[in-house]
Amino acid sequence: VLGALVDEGGVVLVAELRVVVEGDLAVQGEDRQGLRDVDCDDDVPFRERLPQPRDRVERAGERGGVVEGQRRPRARQVLARTIAEDQGIPMRKSRAAEIDQTHDEIFQRLNVSPPDLQPHVTDYIPAIVDQIQAIVDGGCAYAAEGHVLFDVSSYKAYGALSGRNLDDMIAGARVEVAPYKKNPHDFVLWKPSKADEPSWPSPWGEGRPGWHIECSAMSLKYLGEGFDIHGGGLDLQFPHHEAEIAQAEAAGHHFARYWMHNNMLTIGGEKMSKSKGNFTTIQDILGKHDPMVVRFLLVSSHYRSVTEM
């Protein structure tokens, strides 16, 4: 089974997942159960995903089914306009190569097979722009002050993955509510770049993608319509994964059929957090413990359980 594991920096990891489950979880090729046609703004049809049978994935693990996969540490892409003087390569390419090398070294130490592909967001800006344009053409997004925003009110299934009610959500939980938004929950698909940020041309002016759209565009590029499994941390279920589903299906695509959210790593019983000062990296852990011991710790607990480091 091929699945897309998308890190917070927007890099898609295409990895082989070995899934051993009980009968009722078997994926049925072209099965589209859980999808139905709806209208966007009353006249533009697209696909709306109803609550998916992800609870079956979780229950299978509780009954003894084993779900095994590999996921590399998150790392935000560091981009810049300047040139790396020592290599004569654009800094964003140099930094991306450095991150890839770090991931590969960690994979080797943990005896994890590398992903088949390691695409970078900056190589797929045209595909991202095309997907945004499709959402705008469908009436599910709007331009305002150089931004393009997804109109959450146009997508009735928003919140189904995380079980949230739109009316109950707290406005501005991640960022301050901007005055150009139609409603507080709308999220950015494209935004104008600041003077020190990279930018690319688009129908809405020079700018860069929002942090949700890049993942949908690259997942669909490499895995196609209705791919089987999308993984990620439980903390990304909302708003990131909700946004991925909404924007992909508003552009007319079937997105992931099953979602597998791994739980958090804790230190001293608390979730790792830079603000609390209890943050550590995989490099620090591997410097203190044998890599095979760390590997055993990570694979010995259910992916939905909290793991104490």
Side-chain angles (χ1 to χ4, degrees), residues 3-18 67-80 82-87 89-123 174 197-198 211 214-215 218-219 229-237 240-241 260-309:
L5 307 182
V6 185
D7 71 11
E8 190 174 350
V11 179
V12 179
L13 313 179
V14 182
E16 182 178 353
L17 306 180
R18 291 193 291 116
V67 180
E68 185 174 299
Q70 304 297 344
R71 189 171 188 268
R72 75 181 181 185
R74 294 182 190 151
R76 287 190 178 279
Q77 288 280 18
V78 178
L79 307 176
T82 57
I83 301 298
E85 295 181 357
D86 58 335
Q87 298 181 28
I89 303 173
M91 182 62 78
R92 61 175 180 265
K93 296 292 186 183
S94 175
R95 180 57 175 159
E98 178 185 332
I99 293 172
D100 285 347
Q101 182 178 352
T102 299
H103 290 162
D104 291 344
E105 291 172 353
I106 292 171
F107 282 174
Q108 285 187 332
R109 296 190 66 186
L110 290 172
N111 196 27
V112 175
S113 299
D116 299 288
L117 296 170
Q118 292 179 292
H120 303 124
V121 174
T122 52
D123 294 328
R174 186 172 180 86
E197 294 176 339
W211 78 290
E214 56 196 27
C215 299
M218 291 198 299
S219 296
I229 299 172
H230 192 312
L234 190 61
D235 55 337
L236 295 179
Q237 186 183 62
H240 185 50
H241 292 160
M260 297 171 61
H261 292 100
N262 58 277
N263 215 320
M264 302 293 100
L265 297 177
T266 61
I267 294 181
E270 292 189 335
K271 175 186 171 183
M272 285 199 297
S273 170
K274 288 184 178 179
S275 61
K276 293 181 179 180
N278 66 339
F279 184 85
T280 188
T281 66
I282 186 65
Q283 290 94 329
D284 292 337
I285 293 173
L286 293 178
K288 298 175 182 177
H289 306 283
D290 185 283
M292 291 302 97
V293 173
V294 176
R295 177 186 171 94
F296 179 78
L297 171 66
L298 295 175
V299 301
S300 62
S301 60
H302 189 267
Y303 77 102
R304 291 284 292 180
S305 65
V306 174
T307 301
E308 173 66 25
M309 299 300 291

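Everything quoted here is computed from the prediction, not taken from an experiment.
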* To do: Please step through side-chain contact (heavy atoms from CB on, under 4.5 Å) for the pair V112 and R295, ending with a clear verdict.
  => CA-CA 9 Å; V112 175; R295 177 186 171 94; 3.7 Å; yes

Treating [X] as the side-chain partner and [Y] as the backbone partner, does any N or O pair qualify as donor plus acceptor under 3.5 Å?
X: R109; Y: P291; result: no
X: E308; Y: G268; result: yes
X: S219; Y: C215; result: yes
X: N263; Y: R304; result: yes

With a 4.5 Å cut-off on side-chain heavy atoms, are [Y] and [X] touching?
X: T307; Y: L297; value: yes
X: D235; Y: K271; value: yes
X: H230; Y: M260; value: no
X: S273; Y: N278; value: yes

If I take atom [atom1] from residue [X] and atom [atom2] from residue [Y], how far apart are they, to the nearest 0.5 angstrom?
X: L234; Y: Y303; atom1: CG; atom2: OH; answer: 10.0 Å
X: I282; Y: H103; atom1: CD1; atom2: NE2; answer: 11.0 Å
X: D284; Y: H289; atom1: CG; atom2: NE2; answer: 10.0 Å

Which heavy atom of [X] sits nearest to which heavy atom of [Y], and what is that distance?
X: H240; Y: W211; result: CE1-O, 3.3 Å
X: F107; Y: P115; result: CE1-CD, 3.1 Å
X: E98; Y: R95; result: OE2-NH1, 2.6 Å
X: M309; Y: L298; result: SD-CD2, 4.4 Å

* Asked: side-chain contact (heavy atoms from CB on, under 4.5 Å) between L286 and T281: does it pass, once the steps are laid out?
  -> CA-CA 9 Å; L286 293 178; T281 66; over 6 Å; no

* **Worked verdict on M272 versus T266 for side-chain contact (heavy atoms from CB on, under 4.5 Å)** => CA-CA 5 Å; M272 285 199 297; T266 61; over 6 Å; no

* Report yes or no: do H120 and D100 form a side-chain donor-acceptor pair below 3.5 Å? => yes

